[in-house]
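Indexing begins at 1, ligand by ligand and atom by atom, following the structure's order. All residue numbers in this chain count up from 1 along the given sequence.
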Amino acid sequence: MTFRPYRRTVQFAFFALMFAIPVLNAYEIYTITGTYYALQAGGLEAADPAAILQTVFASGEFAPPILSGLLFPVLFALVLGRVWCGWMCPYHLLSDGVFRLRTMFRTKVLGRHEAETLAVPRALKANLSRYAFLLIGTAAAGMLGIPVLNFVSAPGILSTEAMILVRQHTLSLEFGFIAAILLTELLFFPRFWCRLFCPTGSCLALIRAPFTLKVRSAAGNPKAPCCKENACGPACPMGLAPHQEGANLLCTNCARCIDACRSDGDRGLLGFRGFSQP
Ligand code: SF4
Ligand code: SF4
Ligand code: SF4
């Protein structure tokens, strides 16, 4: 089984949902409301954990109404890991498109066929970068009393812009931020936002338990690639070596490495392991 068509379907569905919500609301259908900062559906609420974290620091309150939006995202991430990032986030879909454009230009125009070298290639340094960013942003939210990281939350901004587009047929200045990071990924540093900065992805990565779904290799934890083609390595958008780093905080459970390993001579060493398979 290849995960790619399923992942793309889910990604496009969540992209379409950003536009569907304001359209439904315009027809006074309020079964689902909100944006990807905080969604309300059928009495359930799901909020961006980074937004909640900042609200707690900005307000100085640790009250149940503030924390209620965390329940569903926490349970979801505890079981399935960062599938929000790998399968649902609208920014990830745009970043995939930009990466594809960049690859086409490199191979067809520049004739370069080697894999991309990502900015800050080592996982440890990439994680340090994004947790430093999260820490500084959260501290700033606490000091200023404003959830400053919301101004750089790519999924939240995109869904708010979709709402503005549907309701007012325009875009706000914040769309400029999304355009700027996509352009930076296209021209200079592919995948840099999710790997080095995004506060939402950083928070979601911390919600994990021993049973959380992760990528594991049936070969154990080999130090070197277990096939000479190393098909899984270049397939990973987070710059990980999936044969040994599937449990890293950067992993989004996107399953690209699993598909690459299976399609490469059908070795099939990589797979998801979770609560049912330790
Ligand atoms: S890291 Fe942030 S922008 Fe990237 S996929 Fe996750 S939530 Fe979306
Ligand atoms: S290790 Fe595999 S599942 Fe994790 S981000 Fe990389 S390609 Fe996706
Ligand atoms: S593609 Fe599969 S067999 Fe090859 S290095 Fe990656 S996990 Fe090992």
Check whether the side chains of [X] and [Y] place a donor and an acceptor atom closer than 3.5 Å, and report yes or no.
X: T33; Y: Q40; value: yes
X: S217; Y: Q244; value: no
X: D48; Y: N150; value: no

Check this for me, if you would: do E185 and R102 make a salt bridge, where the nitrogen-to-carboxylate-oxygen distance has to be below 4.0 angstrom?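 No, E185 and R102 are not salt-bridged.
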
Before accepting this row, confirm whether a basic side-chain N of the pair R8/D96 lies closer than 4.0 Å to the acidic partner's carboxylate O.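 Answer for the salt bridge query: yes.
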
Closest protein heavy atom (residue, atom, distance) for atom 7 (S) of ligand 1: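 For this ligand atom, the closest protein heavy atom is W84 NE1, 3.5 Å.
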
Give the residue and atom name of whichever protein heavy atom lies nearest to atom 2 (Fe) of ligand 1, and the separation in Å to one decimal.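 Going atom by atom, the protein heavy atom closest to atom 2 (Fe) of ligand 1 ends up being C198 SG, 2.2 Å.
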
Establish, yes or no, whether the cationic atom of R191 lies under 6.0 Å from the six-membered ring centre of F99 and within 45° of the ring axis.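 Yes, a cation-pi geometry holds between R191 and F99.
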
Out of all atoms in ligand 2, which are within 4.0 Å of some heavy atom of P237? Include the element for each.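 Taking each heavy atom of P237 in turn, ligand 2 has 7 (S) under 4.0 Å.
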
Measure up the F133 and F197 rings against each other and bin them: parallel (under 30°), tilted (30 to 60°), perpendicular (over 60°).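 F133 vs F197 ring planes: perpendicular.
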
Parallel under 30°, tilted from 30 to 60°, perpendicular over 60°: which one fits the rings of F19 and F15?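 Answer is tilted, since the angle falls between 30° and 60°.
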
Check ligand 1 against C194 and write out every atom of the ligand that is under 4.0 Å from a heavy-atom position of the residue.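 In order of number, 1 (S), 3 (S), 4 (Fe), 5 (S).
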
Going by the order shown, which atoms of ligand 1 are within less than 4.0 Å of some heavy atom of C89?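 Answer for ligand 1: 3 (S), 5 (S), 7 (S), 8 (Fe).
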
Look at ligand 3 and say whether A260 reaches it with a heavy atom at a distance under 4.0 Å.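 A260: no contact with ligand 3 (<4.0 Å).
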
Can you list the protein N, O or S atoms less than 2.8 Å from atom 2 (Fe) of ligand 2?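 N, O, S partners closer than 2.8 Å: C257 SG.
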
Measure C85 to ligand 1 on non-hydrogen atoms and call it side chain, backbone, both or neither using the 4.0 Å cut-off.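 Under 4.0 Å from ligand 1, C85 contributes backbone and side-chain atoms.
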
Could you list the atoms of ligand 3 found under 4.0 angstrom from a heavy atom of C227?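 Near C227, meaning under 4.0 Å from one of its heavy atoms, ligand 3 has 1 (S), 3 (S), 4 (Fe), 5 (S).
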
Mark the output for R82 as yes if a heavy-atom distance to ligand 1 is under 4.0 Å, and as no if none is.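 R82 counts as a contact of ligand 1 under the 4.0 Å cut-off.
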
Tell me whether C261 has at least one N, O or S atom under 2.8 Å from atom 2 (Fe) of ligand 3.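 C261 does place an N, O or S atom closer than 2.8 Å to atom 2 (Fe) of ligand 3.
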
